[in-house]
Number of protein chains: 2
Amino acid sequence: MTAEMTPPTSSLARAGVRPVPAAVYEGGLFADCPELIGTPFTYARDEEVYGEGEEAEFVYKVVSGAVCTYKVLSDGRRQITGFHLAGDLFGFEHGPAHRHTTEALADTRVLVFSRAQIERVATGRADVACRLWSLAARGLGHAQDHMLLLGRRSAVERVAAFLLDVDARLGGTGRFALPMTRRDIADYLGLTIETVSRTLSQLESEGALLRTGSRDVALRRRQIRRCIED
Amino acid sequence: MTAEMTPPTSSLARAGVRPVPAAVYEGGLFADCPELIGTPFTYARDEEVYGEGEEAEFVYKVVSGAVCTYKVLSDGRRQITGFHLAGDLFGFEHGPAHRHTTEALADTRVLVFSRAQIERVATGRADVACRLWSLAARGLGHAQDHMLLLGRRSAVERVAAFLLDVDARLGGTGRFALPMTRRDIADYLGLTIETVSRTLSQLESEGALLRTGSRDVALRRRQIRRCIED
DNA sequence: CGAAGGCTTGAGGAGTTTCAAGCGACGTGG
DNA sequence: CCACGTCGCTTGAAACTCCTCAAGCCTTCG
């Protein structure tokens with residue numbers, strides 16, 4: 001691990017986090033790209049990975065756990081722009097600084113990559129640059145779907161769509177534990193925690209889902225889907 | 001102009017639009033990339049450039065005029081995801097099909113590029129692929145800003161931010177003609193036309209702007225900016 | 001065992017939408 | 001050339017959805 005590859009240590013020290021032995025978790029950004037090897041790192045629950053305005057020095061890949069990226073207004077209103085689960089990349093930026101904040105929703109293992117090195121490799125290898133392009137394009141597509149949700153969907157539709165999305169990303173079995181709090185869900189869906197809570201209760205009373213714990217749900221996916229106009 | 005480069009003619013014929021002589025408007029996708037030359041085309045006001053679900057065969061660059069891209073729900077609710085003015089690119093997709101619809105807000109001249117050709121060039125030239133990556137990343141950044149607006153901002157903040165954005169893109173003089181209708185603005189900001197109209201009236205009554213025609217506005221930018229928490 | 005934090009539920013209220021009416025600009029046809 | 005219909009925009013009143021404020025419950029953790 002070179003000096004260049006060391007993320008700002010303040011937040012790590014704060015949480016008492018230390019890098020795990022490289023040999024155990026080391027992996028590439030892309031399967032077929034041995035030049036881009038990430039350094040394993042871990043972040044504790046609620047720990048900030050980077051903040052808005054900080055220099056965008058690193059790019060990250062989730063190994064296990066979950067993080068979310070968000071923007072906050074000066075009066076505290078917050079919009080979560082995305083959740084990143086195992087396998088997802090985050091931390092890419094267009095300019096020199098991070099345009100949002102990222103924090104861990106749970107204890108999370110990541111691979112850290114040097115942005116400068118990725119860009120160096122990309123300028124030389126068109127296939128790598130194309131994968132980065134593809135990645136950004138996929139993210140853009142998702143963002144556009146989410147704009148439709150935020151701009152035009154009702155509370156029930158938002159929550160229903162969210163549940164189906166999480167289910168799909170967590171295996172698609174219809175049963176799962178939400179990896180985030182009501183506040184996170186609310187800030188992702190542009191609602192309040194009370195509305196999220198009420199909407200979940202409503203869906204449960206209609207028999208569209210079953211809650212075993214406050215985080216654990218079992219969906220009747222047919223019925224949930226019927227809540228969503230498309 | 002090869003057969004491959006001919007956009008579906010139905011909509012063109014409908015509007016009586018014909019390609020203008022290539023020598024006049026022909027230009028590249030990027031300044032330094034002579035391989036990627038676009039074919040000039042024009043679309044009439046309200047004409048659809050492509051629809052959601054259609055094969056994403058072409059990519060477009062606005063020469064003059066304006067277009068918007070949007071998604072619609074089956075019950076008619078619509079979310080505009082972006083306005084594209086002179087110089088802007090649109091029509092890039094991640095998958096094989098367009099994920100949204102694009103139509104012209106005014107009579108619009110564009111350059112049409114073959115997507116397959118762009119992708120061929122990109123797989124061979126890392127610099128081109130990097131510019132495409134950069135383009136997508138910029139779009140993603142904008143989308144994230146817009147999510148914050150849609151999820152967390154009030155009507156006044158949305159309209160104020162919108163006015164400043166249009167002003168900046170139209171020269172930044174503080175005086176301009178809105179290239180889109182109230183319906184378009186509303187569908188971009190996640191509001192109704194009535195709310196947009198009322199909010200403009202409110203801003204005018206507060207002296208934050210002056211309307212000379214229904215589309216022509218002069219901003220007091222300081223005052224408009226004060227409406228927006230950041 | 002007590003405090004803190006996350007979640008739920010209720011009551012009331014604010015902001016935005018819905019429904020409705022009217023105005024003005026524009027284009028068309030008599 | 002003017003009447004008329006259309007379309008985009010504005011404004012008002014009422015309704016509705018979601019938010020705010022508040023209280024209480026449950027779980028977790030020290």
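Throughout, a chain's letter reflects where its sequence line sits, starting with A, and its residues are numbered from 1. We use all heavy atoms of the structure for the numbers below, so side chains are in, but hydrogens, waters and symmetry mates are not.
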Report task. Return the set of residues passing ring-ring contact (aromatic ring centres under 6.0 Å, His included) with A/F162 (not counting sequence neighbours), or none when no residue passes. Result -> A/Y188
Query raised in the report: Does OP1 or OP2 of C/dG6 have a side-chain N or O of A/R215 closer than 4.0 Å?
Result: no
Close N or O pairs between protein and nucleotides 18-25 of chain D (under 3.5 Å):
from	atom 1	to	atom 2	distance (Å)
D/dC18	OP1	A/A155	N	2.8
D/dC19	OP2	A/T192	N	3.4
D/dC19	OP2	A/T192	OG1	3.3
D/dC19	OP2	A/T195	OG1	2.5
D/dT20	O4	A/R198	NH2	2.8
D/dC21	N4	A/E194	OE2	3.1

Query raised in the report: Hey, are A/D88 and A/R169 close enough for a salt bridge, meaning a charged N less than 4.0 Å from a carboxylate O?
Result: yes
Report task. May I have all residue pairs that pass salt bridge (charged side-chain N to carboxylate O under 4.0 Å, His left out) and include part of residues 148-158 of chain B, sequence neighbours excluded? Result -> A/R77-B/E157, A/D187-B/R152, B/R153-B/E157
**Report entry** Contact list for residues 194-209 of chain B, test salt bridge (charged side-chain N to carboxylate O under 4.0 Å, His left out), sequence neighbours left out
**Finding:** B/E204-B/R211
Report task. With heavy atoms under 4.0 Å as the rule, sort A/R158 into base, sugar-phosphate or nothing. Result -> nothing
Query raised in the report: Is the side chain of B/T102 donor-acceptor paired with the backbone N or O of B/Y50 at a distance under 3.5 Å, no angle test?
Result: no
Query raised in the report: Through what angle, rounded to 10 degrees, does the axis of the helix from C/dC1-D/dG30 to C/dG30-D/dC1 turn between its ends, using five pairs per end?
Result: 30°
Query raised in the report: Any donor-acceptor pair under 3.5 Å linking the side chain of A/T42 with the backbone of A/R109?
Result: no
Just the atom pairs and distances: protein N or O near nucleotides 27-30 of chain D's N or O, under 3.5 Å.
none

Taking only nitrogen or oxygen atoms into account, show me every contact under 3.5 Å that the protein makes with nucleotides 5-7 of chain D, one pair per line with its distance.
none

Query raised in the report: Within the structure shown, what part of the strands sits under 4.0 Å from B/S197 by heavy-atom distance: base, sugar-phosphate, or nothing?
Result: base
Requested in this report: Under the side chain to side chain contact (heavy atoms under 4.5 Å, CB included) rule, collect the residues that match up with A/A137, sequence neighbours excluded.
Outcome: B/H94
Query raised in the report: Which residues within residues 175-183 of chain B lie with some heavy atom under 4.0 Å of an atom in DNA chain D?
Result: B/T181, B/R182
Report summary line: Residues at least two apart in sequence or cross-chain that pass side-chain hydrogen bond (donor to acceptor under 3.5 Å, both in side chains) with A/K71, listed by chain then number, are B/D145
Query raised in the report: So which of A/F92, A/F41, A/Y43 actually passes side-chain contact (heavy atoms from CB on, under 4.5 Å) with A/Y60?
Result: A/Y43
Query raised in the report: If you count the non-hydrogen atoms of other residues, nucleotides and ligands that lie under 6.0 Å from CZ in B/R99, is the total more than 12?
Result: no
Requested in this report: Keeping to residues at least two apart or across chains, list the salt bridge (charged side-chain N to carboxylate O under 4.0 Å, His left out) pairs with something in residues 221-230 of chain B.
Outcome: B/D167-B/R221
Query - Selection: residues 64-81 of chain B, any non-hydrogen atom under 4.0 Å of DNA chain C - result: none
Query raised in the report: Between A/H98 and A/H100, how do the two ring planes meet: parallel, tilted or perpendicular, split at 30° and 60°?
Result: tilted
Report task. Taking only the side-chain nitrogens and oxygens of A/R211, find out if one of them lies under 4.0 Å from OP1 or OP2 of C/dT8. Result -> yes
**Report entry** Any B/S214 side-chain nitrogen or oxygen under 4.0 Å from OP1 or OP2 of C/dA25
**Finding:** no
